[in-house]
Number of protein chains: 2
Amino acid sequence: MSGDPAVTDATGVPTMFDVARRAGVSHQTVSRVLNDLPGVAAATRERVRAAMAELNYAPSPTARAMAGRRSGSIGLIQAGRPDYGPSSAALGFNEAARAAGYAVSQASMRTLDADALTQAVHRLVLQRVEAIVLISGEREGVEVLGGIDAGVPLVVVASEAAPGLHRVSFDQFAGARLATEHLIALGHRRIVHVSGPADSMDAAERRRGFAAALAEHGLEQREPIVGDWLPASGYAAGRRIIDDGWAGAAFIGNDHMALGVLRACAEAGVPVPGALSVVGFDDIPEAAYFTPPLTTMRQDFDSLGRDVMATVVEVLRDEASATDRTSRVPDLVVRGSAAAVRTRSA
Amino acid sequence: MSGDPAVTDATGVPTMFDVARRAGVSHQTVSRVLNDLPGVAAATRERVRAAMAELNYAPSPTARAMAGRRSGSIGLIQAGRPDYGPSSAALGFNEAARAAGYAVSQASMRTLDADALTQAVHRLVLQRVEAIVLISGEREGVEVLGGIDAGVPLVVVASEAAPGLHRVSFDQFAGARLATEHLIALGHRRIVHVSGPADSMDAAERRRGFAAALAEHGLEQREPIVGDWLPASGYAAGRRIIDDGWAGAAFIGNDHMALGVLRACAEAGVPVPGALSVVGFDDIPEAAYFTPPLTTMRQDFDSLGRDVMATVVEVLRDEASATDRTSRVPDLVVRGSAAAVRTRSA
DNA sequence: AAACCCAATGTTAGCGCTAACGATGCGGTG
DNA sequence: CACCGCATCGTTAGCGCTAACATTGGGTTT
């Protein structure tokens with residue numbers, strides 16, 4: 001692998017000059033071939049290509065970044081718990097980035113705080129990333145990013161408008177409305193919502209969607225119970241719902257909390273969906289095996305990640321003005337946790 | 001933010017020369033201060049430090065990498081599904097890396113294949129990463145990496161020996177033995193194991209640990225049922241266990257499959273832990289809210305990630321020979337899914 | 001006091017690439 | 001046939017840093 005006599009570099013990695021010498025041209029011509037620039041005769045181009053192949057040459061991203069043009073890398077900041085959703089989206093993004101020829105410099109942080117985020121952005125800028133992507137549900141992240149002049153395009157996954165930033169997201173509002181309408185269609189009239197935390201944009205949108213569906217059908221609105229996305233808070237919410245005794249159906253902000261609700265029902269002997277119909281959100285891999293299997297809203301996080309990368313490419317290509325892709329609507333996946341009213345008396 | 005008159009650079013980012021001019025020294029002295037090299041008078045050192053602070057100077061990682069010494073970045077390859085374990089470990093690693101002053105260049109791939117992995121390594125090497133970390137449970141990943149002369153230290157998270165590589169892992173063998181012994185201590189004599197796929201090193205180690213515990217206590221060994229870590233395969237395994245009717249307890253390779261087993265039992269009306277005791281592995285956040293709450297083996301993935309980074313730092317510091325850290329043993333977390341034999345007749 | 005040493009600094013030359021400009025040589029125009 | 005123009009290529013100068021060497025000036029040695 002190393003020690004090739006045609007290679008001058010001490011590390012054994014061929015440089016542009018090695019290719020140039022081998023092809024009998026100047027290094028600049030090699031550069032032109034590499035970047036598909038015009039002004040190279042077809043025959044020469046081929047000769048250079050052959051030399052590159054023979055030496056197994058690959059340009060140094062570092063040197064390219066130094067020389068000023070594209071660095072070929074993109075910064076990815078992931079803030080928050082390593083949940084299924086964000087992790088999948090990050091994975092999809094990562095694969096798409098590599099497929100597009102980009103490297104990904106990742107900065108993850110378990111909890112989002114303004115200073116850490118700002119620092120992370122600056123570090124990435126120093127690394128000459130061509131764009132920075134933020135995957136985080138918290139509103140604060142978007143606000144912080146909106147106030148930074150990074151000098152490179154910023155793309156966020158955010159379900160609320162992000163002034164000055166490029167945005168990609170699922171339509172959480174529509175998803176929540178569909179979920180709620182499913183319960184309404186099953187004949188439920190007293191529906192409660194367990195929402196995610198106040199600082200979550202997804203939670204806010206789902207809450208809006210829930211409220212909109214109820215309003216459209218003239219149903220009574222109760223103040224949602226606020227959780228923190230974790231099963232424990234869902235469990236607590238479940239107990240409250242049971243003790244309260246009002247609701248016949250519940251739209252839960254995410255599958256984790258829905259699991260907590262199911263657990264609370266199981267403990268209290270409340271049959272699901274007999275006495276309480278439950279719909280979740282996300283469709284995590286476990287959802288189909290809950291007891292009972294969870295009816296929920298599926299989000300294709302993987303393709304979300306790909307969409308993010310597509311946006312990056314687009315923005316980088318034509319320096320476009322603020323993009324806003326909120327196209328995808330989550331799909332309803334019907335399983336056993338929500339049923340029609342009075343099923344049992346049939 | 002930009003346009004500082006003391007800064008020469010067109011992009012507005014101060015360079016070493018800006019600092020040098022401001023401090024009235026040469027750029028090389030600035031470099032010396034930056035790298036804590038000797039041969040700089042204390043007073044000068046202070047003056048340079050002040051100038052750096054005033055200009056908000058930060059060295060360019062790109063230029064540093066170019067100039068040959070450390071690049072300040074580490075490559076992270078994550079292969080496989082974005083499950084809770086690997087995602088958490090990657091997060092812990094990422095945070096630890098940043099804390100240690102390193103950037104992380106991440107290459108994720110949903111499925112591991114030799115070519116993709118090899119390519120990823122080469123890309124990272126071109127980016128001049130100082131070390132490469134692989135987080136993937138599959139044996140093939142370790143084998144492929146073992147056969148590559150990357151020129152930089154390679155660190156893997158692997159529960160089997162990795163010749164020529166630095167290794168970090170939990171002691172899966174000990175963990176599985178503890179889990180099995182817990183069931184034995186509860187009085188169980190007919191225990192079955194549902195293992196992960198054959199290409200998983202964790203699965204193999206857990207299987208060994210399970211077999212060792214049974215052997216020690218002279219219990220009958222049945223061939224483990226092989227799953228693929230996903231709930232669906234756990235469900236299938238659960239059905240087989242129930243149909244078979246032999247086992248009174250089951251040690252399941254991970255929590256996801258355990259969920260499938262619980263689901264199968266719930267459907268078949270087999271009480272857990274009444275008729276079948278179940279122990280899982282991983283302690284995913286959902287496990288405490290399964291029905292019944294799952295007794296399982298907790299692994300602190302976050303600190304695993306930190307351990308990996310610690311190993312990287314260590315290896316980078318003294319070019320040490322192959323490291324091997326298999327210290328941590330998973331902890332038993334007792335919940336409701338495993339009970340003593342004949343509990344019901346009490 | 002001449003020679004010397006060493007701490008403290010400055011100067012120069014790259015790392016591998018891109019960007020800007022120069023230098024060829026060929027065909028076509030008046 | 002002198003002239004221009006354009007494709008095709010080469011040369012030079014950086015990007016911001018580190019590494020190796022050159023330079024200074026005070027304090028020691030002989």
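Each chain gets a letter, A, B and so on, in the order its sequence line appears, and its residues count up from 1.
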Contact summary for A:Ile74 and A:Val312, nearest pair of heavy atoms: CD1-CG1, 3.4 Å
Side chain to side chain contact (heavy atoms under 4.5 Å, CB included) for A:Met109 and B:Asn94? Distances and angles first, verdict last. CA-CA 8 Å; A:Met109 48 193 81; B:Asn94 212 300; over 6 Å; no
Closer than 3.5 angstrom, by distance alone: can the side chain of A:Glu138 be matched with the main-chain N or O of A:Met201 as a donor-acceptor pair? no
Looking across every strand, which nucleic acid part, if any, lies under 4.0 Å from B:Pro38 by heavy atom: base, sugar-phosphate, or nothing? nothing
Are any of B:Arg64's side-chain N or O atoms less than 4.0 Å away from OP1 or OP2 of D:dC17? no
Which of these nucleotides, D:dG10, C:dC17, D:dC17, is closest to any side-chain atom of A:Thr15? C:dC17
Protein-nucleotide distance (B:Leu37, atom CG; C:dG10, atom P), rounded to Å: 15 Å
Whole-Å gap separating C1' (C:dC17) and CG (A:Asp18): 13 Å
Counting only side-chain N and O atoms of B:Thr29, is one of them less than 4.0 Å from OP1 or OP2 of C:dT9? no
Classify the nucleic acid contact of A:Ser60 as base, sugar-phosphate or nothing, counting any heavy atom under 4.0 Å across all strands shown. sugar-phosphate
Below the 4.0 Å mark, does C:dA8 have OP1 or OP2 next to a side-chain nitrogen or oxygen of B:Thr44? no
Can you find an N or O donor on one side and an acceptor on the other, under 3.5 Å apart, linking the side chain of B:His27 with the base of D:dT18? yes
Report the residue from B:Thr311, B:Ile135, B:Leu134 that forms a side chain to side chain contact (heavy atoms under 4.5 Å, CB included) with B:Val156. B:Leu134
Select from B:Gly39 and A:Gln28 the residue whose nearest nucleotide in DNA chain C is closer to the 5' end of that strand. B:Gly39
B:Glu130 CD - D:dT18 C1' separation (whole Å): 14 Å
Starting the side chain at C-beta, find the nucleotide from C:dT18, C:dG10, D:dC17 nearest to A:Asn35. C:dT18
Mind calculating the distance between CG (A:Leu34) and P (C:dA19) to the nearest angstrom? 12 Å
On DNA chain C, does the nearest nucleotide to B:Gly24 precede the nearest nucleotide to A:Ser31 from the 5' side, or the other way round? Give the residue. B:Gly24
